[in-house]
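In what follows, chains carry the letters A, B, and so on, assigned in the order in which the sequence lines appear, proteins first and then strands, with residues in each chain numbered from 1.
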Number of protein chains: 2
Amino acid sequence: MALETVSTSRSFGGVQGVYRHASAATGTDMVFSVYVPEHAAGVKLPVVWYLSGLTCTHANVTEKGEFRRLCAELGLIFVAPDTSPRGEGVADDPEGAYDFGLGAGFYVDATQEPFAAHYRMWTYITQELPAIVAEQFPADMDRQSIMGHSMGGHGALTIGLTFPDRFKAVSAFAPIVAPSQVPWGRKALPAYLGNAESAWRKHDAVALIEDGARVSDLLVDQGKDDPFLAEQLKPELLEEACAAASIPLTLRFQPGYDHSYYFISTFMADHLRWHAERLAGKSDSWFRKASRVGKERNDP
Amino acid sequence: MALETVSTSRSFGGVQGVYRHASAATGTDMVFSVYVPEHAAGVKLPVVWYLSGLTCTHANVTEKGEFRRLCAELGLIFVAPDTSPRGEGVADDPEGAYDFGLGAGFYVDATQEPFAAHYRMWTYITQELPAIVAEQFPADMDRQSIMGHSMGGHGALTIGLTFPDRFKAVSAFAPIVAPSQVPWGRKALPAYLGNAESAWRKHDAVALIEDGARVSDLLVDQGKDDPFLAEQLKPELLEEACAAASIPLTLRFQPGYDHSYYFISTFMADHLRWHAERLAGKSDSWFRKASRVGKERNDP
């Protein structure tokens with residue numbers, strides 16, 4: 001698997017890298033970022049996946065997410081993929097809208113033309129990119145967790161619910177919890193998956209839970225001043241589904257916060273700690289070791 | 001003083017704002033950002049000035065600087081101005097180079113045409129913007145400190161050395177310490193200030209120290225893998241000047257770090273703690289109060 005290094009920078013003791021590769025899943029070049037904390041030779045570290053929202057690339061969270069300090073302290077690899085295929089020949093929204101097409105892959109494998117050729121983000125995120133991460137980075141693939149924001153929160157919830165054994169923790173910032181029931185999803189899902197709503201259910205967190213999918217618990221932060229809250233995000237639908245399914249959901253409404261990275265960065269540390277607790281195994285010392293390394297580095 | 005609010009977002013319990021105003025100093029509209037932590041009504045908070053480097057606007061540090069967590073914890077207002085005048089009629093480098101003209105004001109009042117009309121960043125940063133901050137924000141102007149990066153490190157050092165009573169702390173990330181002696185400065189200073197090198201000395205930290213300027217101490221972090229280290233930054237010149245003048249300089253070479261915000265964000269917390277220690281007065285309770293507010297908010 002040929003991986004081109006776009007850039008690397010030392011940060012918080014580790015390495016923040018950006019990489020490009022030819023994706024078999026999407027038939028395009030794909031770019032993603034990986035942060036690897038400082039670690040002892042031979043040690044493999046847990047992997048946190050972060051899926052981004054509409055209009056984003058890997059760069060938004062990489063630059064604005066403020067995750068490196070905690071990942072360094074807790075010993076977590078942080079992987080941030082792109083949100084859609086890009087490049088020549090990749091279909092876009094006919095009017096170039098922000099909420100469909102480029103930057104808006106919704107983490108599905110499209111079945112409808114003209115999107116089926118390249119919009120295969122489900123396969124890319126759940127199969128192809130994990131294989132690359134396992135091969136190219138010091139990643140303990142038995143210890144993965146997933147989080148995301150907005151459309152990426154939708155991706156984190158649906159992928160986490162589909163692979164509960166793979167992901168030890170699932171959380172989201174201001175996620176789209178029920179795309180089948182809101183305008184963003186009701187535009188994207190038929191265009192990618194066709195008009196039969198039955199095909200949408202495995203890409204809708206609330207529907208997945210209604211259909212029997214389970215995770216051990218969920219953490220969701222939601223800004224109360226998020227302009228998309230009432231029409232597009234509707235966390236109350238997730239609350240109802242989790243209650244009916246007895247999934248423990250920690251849903252925190254944060255007064256005054258909007259939909260931006262100023263909101264995400266504020267609560268990123270809480271999410272990473274929550275993930276780290278669920279990624280820590282009884283028999284392993286990576287957590288304490290990594291934690292010690294971080295402490296030493298931060299207190300010069 | 002009419003101030004237009006471009007945007008505000010809640011972050012780490014406080015408010016990150018971006019503001020625009022018609023500047024009398026530069027004769028242009030100017031944009032700057034201010035972070036104000038959560039604080040009790042009527043309380044005035046110390047002010048940390050952050051001056052940015054070549055090519056930057058207020059946005060770079062605002063998005064990538066990772067300063068809000070510590071400013072919230074320590075109760076510090078954080079002000080990030082632009083790096084030059086901008087807009088119609090503002091002269092630029094004739095070839096549009098990144099290191100002179102737009103985005104590269106070098107924190108001087110230009111005396112040379114065609115720059116003298118608008119490139120008055122010294123007056124803007126030291127007089128006009130402080131008056132706006134004092135009027136529009138809950139700022140304790142008896143408690144100010146200054147830091148900066150690269151060209152902004154140059155600005156922080158020269159302004160801090162010129163107003164040692166105003167700024168209780170001065171620090172820099174990878175600063176240009178002696179512009180008179182390096183290519184970036186030897187291009188910009190004659191074009192802004194004329195060919196007489198005597199006019200450059202009050203805009204050169206090393207020359208200022210040689211000429212008698214003093215501060216109580218300095219903190220400088222410098223990446224050892226910074227591509228500009230040997231030719232443009234030359235921290236050894238500051239080290240020599242501080243040694244000769246008995247100014248205590250903490251100069252930390254950080255192995256593996258480059259010139260980017262991945263470097264700055266790593267050490268931002270150290271700098272803010274260093275500033276907060278020097279901004280704290282014996283008789284005041286703002287430090288402990290703010291610290292307590294931050295702790296409560298961060299441990300939900």
Between [X] and chain A, with a heavy-atom cut-off of 4.5 Å, which part of the residue counts as in contact: side chain, backbone, both or neither?
X	answer
B:Phe263	backbone
B:Glu63	both
B:Ser265	both

Can a donor-acceptor pair be found, under 3.5 Å and without considering hydrogens, that links the side chain of [X] to the backbone of [Y]?
X	Y	answer
A:Tyr262	B:Val15	no
A:Arg69	B:Thr266	no
A:Arg10	B:Asp258	no

Counterpart residues, side-chain hydrogen bond (donor to acceptor under 3.5 Å, both in side chains), relative to B:Thr62 (two or more places apart)
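Only B:Ser33 meet the side-chain hydrogen bond (donor to acceptor under 3.5 Å, both in side chains) criterion with B:Thr62.
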Residues that A:Tyr19 engages under side-chain hydrogen bond (donor to acceptor under 3.5 Å, both in side chains), provided they are two or more places apart:
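Not a single residue meets the side-chain hydrogen bond (donor to acceptor under 3.5 Å, both in side chains) criterion with A:Tyr19.
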Closest non-hydrogen atom pair between B:Tyr257 and A:Phe12, with its separation
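Minimum heavy-atom separation between B:Tyr257 and A:Phe12: OH-N, 3.4 Å.
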If you count heavy-atom pairs under 4.5 Å between each of A:Glu66, A:Lys64, A:Gln254 and chain B, which one has the most?
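When all of A:Glu66, A:Lys64, A:Gln254 are compared, A:Glu66 has the most.
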What is the distance from atom CD of A:Gln16 to atom OG of B:Ser260, rounded to the nearest 0.5 Å?
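If I round to the nearest 0.5 Å, the distance is 10.0 Å.
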